[in-house]
Amino acid sequence: MDDVDIEDHRERIDRTQLWNELAAQLAVDSIRSTTEAGSGHPTSSLSAAHLTAVLFADHLRTDLHDPRSPANDRFVLSKGHAAPLLYAALKAVGAIDDETLLSLRRFGSPIQGHPAPGPALPWVEVATGSLGQGPAIGLGMALAMRLDESAGRVWVLIGDSESAEGSVWEAMEAAAHHRISALTCVLDLNRLGQRGPTMHGWDADVFVRRAEAFGWHALSIDGHDVAAIDAAYRAATEDDRPTMIVARTEKGHGVSEVADRDGWHGKAFPPELAERAIRELGGLRSITITPPKPEPWMPAGARAPAGAPAPAYTEPIATRKAFGETLRWLAGERDGLVVLDGEVGNSTYTEDFETVAPERFFQMYIAEQTMIGAQTGMQALGKTAFAATFGAFLTRAYDQIRMSAIGRADLRLCGSHAGVSIGEDGPSQMALEDIAALRAIHGATVLYPADGNATVRLVAAMADLRDISYVRTTREATPAIYAPEEGFPIGGSKTLRPGNDVALVAAGITLHESLIAADRLAADGIAARVLDCYSVKPIDGDALRAAAAETGLVVVIEDHRIEGGLGDAVLDALASEGTVTGRVVKLAVHDMPGSGSPEELRAWAGIDADAIVATVRTALVRG
Ligand SMILES: Cc1ncc(C[n+]2csc(CCOP(=O)(O)OP(=O)(O)O)c2C)c(N)n1
């Protein structure tokens, strides 16, 4: 050996020692925090301690003082229950202190049982813990990095039992299709899940073959051999495909009393066991590491907004088409706006955006979970991200939406083909539960425009909204009832007809039925007030309470199931003050629709003008 070789050799030994020591520290800290908390997942953390140590020490290029920088690499802990390991790594890099580490799972602590972003935890950008979601989030981050011409990479740690989730493979196929190379999934093959052995045990080849079949570069390693881990991470960065590293590990590694033993998932070690475990791991350490620096990155110069006029309508147009045309207009006004499609862009009209900004349009195919996961990843890197599909199919990704709310993500969603009004295609295509589902999401805004001009204003407003926002669009053309310059504040409503005999409350398609009904009632001498609750959440409680107080009869008409929709939003608003008297009648879809024309189906559901008129007449006679 010449001198240079000896130096190399020494350096490798030093590094190997550091990685092993750091892994032991991460294991010890995972045990300390969970034992202190009295709950958590120490064994799931221990299996991935070496994988995480090598990553944070030498591969995850990140500027801790600028955690949101697009230049940084990203780490997504898809197996979110291994949160103690993540927090131990954050302590090792100096992001959090030991006191915070030991506050794990305590009320008010920034470090919850599963990772969730918060003001005191800017290094965690997305919420995880519902398994199977990390790969799609990682894909979205990698797509955003490519758009920003950043040299960043995304590292996603997934569990082996977690990999039974179809969403893992959906995202993998999409990553290969999008020719993403800056994405590495590390699969912690520890053989055990929550209640026992996984489907494939330690058969790494099953996962390697699958990953390859999905178009990925794949390798299998011993997940406790730090040199092998380092080599695999290097190989991942050198390949021009996404990489899956299948790392054979032991659950509870390093603690002989629990290692590779069934029955220890999600259990904190009792204090005496923790003490023995920490001793076996070599005791406490206080290693701090500085992660490698990201590659220099310069933001591309922002393009000035085109300043083009917003779309404006005088003729009937479907709100779904107005949505697409609004996105096309916004493409020229907002650089960071991206759109994701679930292979229905010619139905939702996101294709209008694609024609003018193809580089910011992402086809996620019929993989709604991947679409919303990727959207979550993109917004974490600063993109203003819209995603659209049929409202009915968004339910496929409801868990991703729910998790994004936990992560305080800003998702702009559009669900088209609302209600029985889609007609002939039948109930499999009808969004009939979407308002209920989206209303239940924390912090969500739910919008339901009735015409093209309202759609333009509301979709433009969504681009500036935080948290989850949802616009519900209609398949068929509806007349223009508003002037293009009309404002639509979030939380507001429009009173389109005055009247104190009855209040008709509607949104979207049923607003038009209500207007027809109001005209017919007027001919009978009944003055019907018509309210457009285009903002279903937050809803205009003041206008609704005034309508109830002044008319004594509120009839809510909606093309949605009776449960949880606009009718319930109105009842919630009235109940919130507790003092309102009067009656509320809900007209909505009760039974299972079939095919038919939109008119036939609205008549069948009892939500058309005839039904409204009949309901009001009966109610007023009875009243
Ligand atoms: C979608 C979903 N289903 C179920 C759970 C409950 N759960 C948490 S951890 C776990 C087992 C995970 O096993 P694995 O992926 O192998 O990770 P390990 O802890 O073994 O590293 C389960 C079923 C969950 N968090 N998310």
Side-chain angles (χ1 to χ4, degrees), residues 23 26-27 30-31 34 39-52 55 75-89 105 112-116 126-138 156-172 185-204 206-207 210 223-224 244-255 258-269 368-370 372-373 376 395-407:
L26 300 185
S30 300
I31 294 168
T34 47
S39 66
H41 297 76
T43 57
S44 305
S45 300
L46 265 52
S47 60
H50 290 102
L51 294 165
T52 306
L55 183 66
F75 175 63
V76 179
L77 185 67
S78 192
K79 48 171 267 182
H81 56 283
L85 176 65
L86 171 64
Y87 304 142
R105 290 174 165 247
Q112 303 182 25
H114 293 76
V126 293
T128 51
S130 180
L131 295 169
Q133 303 197 8
I137 294 171
V156 182
L157 182 64
I158 61 178
D160 48 355
S161 199
E162 173 180 14
S163 303
E165 284 286 1
S167 52
V168 168
W169 304 96
E170 264 190 19
M172 287 184 61
C185 280
V186 181
L187 193 151
D188 180 3
L189 190 74
N190 63 23
R191 191 187 73 80
L192 293 168
Q194 174 172 313
R195 51 83 262 169
T198 60
M199 273 191 269
H200 303 293
W202 270 322
D203 190 350
V206 169
F207 292 103
R210 277 187 200 177
H224 300 303
M244 160 82 90
I245 297 169
V246 184
R248 178 182 160 136
T249 59
E250 258 187 350
K251 202 152 171 167
H253 182 77
V255 179
V258 302
D260 192 35
R261 298 254 176 101
D262 203 356
W264 276 100
H265 178 87
K267 291 196 181 127
F269 299 169
E368 293 78 15
Q369 299 185 73
T370 296
I372 302 300
T376 303
T395 54
R396 283 295 265 269
Y398 192 60
D399 193 32
Q400 276 76 2
I401 297 170
R402 180 186 73 86
M403 288 299 296
S404 288
I406 295 169

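Note that the numbering runs from 1 along the sequence shown for the chain. Order of appearance sets the numbers: ligands from 1, and atoms from 1 within every ligand.
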Nearest protein heavy atom to atom 15 (O) of ligand 1, by residue and atom, and its distance?
-> E162 N, 2.8 Å

Which protein non-hydrogen atom lies closest to atom 2 (C) of ligand 1, naming both residue and atom, and how far is it?
-> L131 N, 3.7 Å

Return a yes/no value for G129: is any of its N or O atoms, backbone included, closer than 3.5 angstrom to an N or O of ligand 1?
-> yes

Is there a side-chain contact between K79 and S47, using heavy atoms and a 4.5 Å cut-off?
-> yes

Using a 4.0 Å heavy-atom cut-off, say whether L192 meets ligand 1 through its side chain, its backbone, both or neither.
-> backbone

Within 4.0 Å of some non-hydrogen atom of S130, the atoms of ligand 1 are 1 (C), 26 (N)

Minimum side-chain heavy-atom gap I372-Y398 below 4.5 Å = no

Answer yes or no: is there a donor N or O on one side and an acceptor on the other, between the side chain of Y87 and the main chain of Q112, under 3.5 Å?
-> yes

Of the protein's non-hydrogen atoms, which lies at the shortest distance from atom 21 (O) of ligand 1, and what is that distance?
-> K79 NZ, 2.6 Å

What class does the angle between the rings of H50 and H224 fall in, given that below 30° is parallel, 30 to 60° is tilted and above 60° is perpendicular?
-> perpendicular

Counting both backbone and side chain atoms, is some N or O of S47 under 3.5 Å from an N or O of ligand 1?
-> no

From atom 4 (C) of ligand 1, is the closest protein heavy-atom distance below 4.0 Å?
-> no

What is the closest protein heavy atom to atom 13 (O) of ligand 1, and at what distance does it sit?
-> S161 CB, 3.3 Å

Polar atom proximity, E165 to ligand 1 (N or O, under 3.5 Å) | no

Provide, to 0.1 Å, the distance between atom 16 (O) of ligand 1 and the closest protein heavy atom, together with that atom's residue and name.
-> D160 OD1, 2.6 Å

With side chains defined as the heavy atoms from C-beta onward, is the minimum distance between M403 and H114 less than 4.5 Å?
-> no

Would you mind running through ligand 1 and noting each atom that sits below 4.0 Å from a heavy atom of G159?
-> 15 (O)

Write out the residue and atom name of the closest protein heavy atom to atom 7 (N) of ligand 1, then the distance separating them to 0.1 Å.
-> Q194 OE1, 3.2 Å

Under a 4.5 Å cut-off applied to non-hydrogen side-chain atoms, are L192 and W264 in contact?
-> no

At a non-hydrogen distance cut-off of under 4.0 Å, which region of H265 contacts ligand 1 (side chain, backbone, both, or neither)?
-> side chain

Short list, please: which atoms of ligand 1 are under 4.0 Å from a heavy atom of S44?
-> 18 (P), 19 (O), 21 (O)

Any side-chain heavy atom of L189 within less than 4.5 Å of one from H200?
-> no

Protein contact to atom 17 (O) of ligand 1 [nearest heavy atom, distance to 0.1 Å] | H81 NE2, 3.4 Å

Quick one: does Q400's side chain get under 4.5 Å of E368's, heavy atoms only?
-> no

Are any of the N/O atoms in K251 less than 3.5 Å from those in ligand 1?
-> yes

Heavy-atom neighbours of R396 CZ exceed 12 at 6.0 Å = no

Without swapping roles, check the side chain of T52 against the backbone of A49 for a donor-acceptor pair under 3.5 Å.
-> no

Using atom types as modelled and distance alone, determine if a side-chain donor or acceptor of W202 lies under 3.5 Å from a backbone N or O of T249.
-> yes

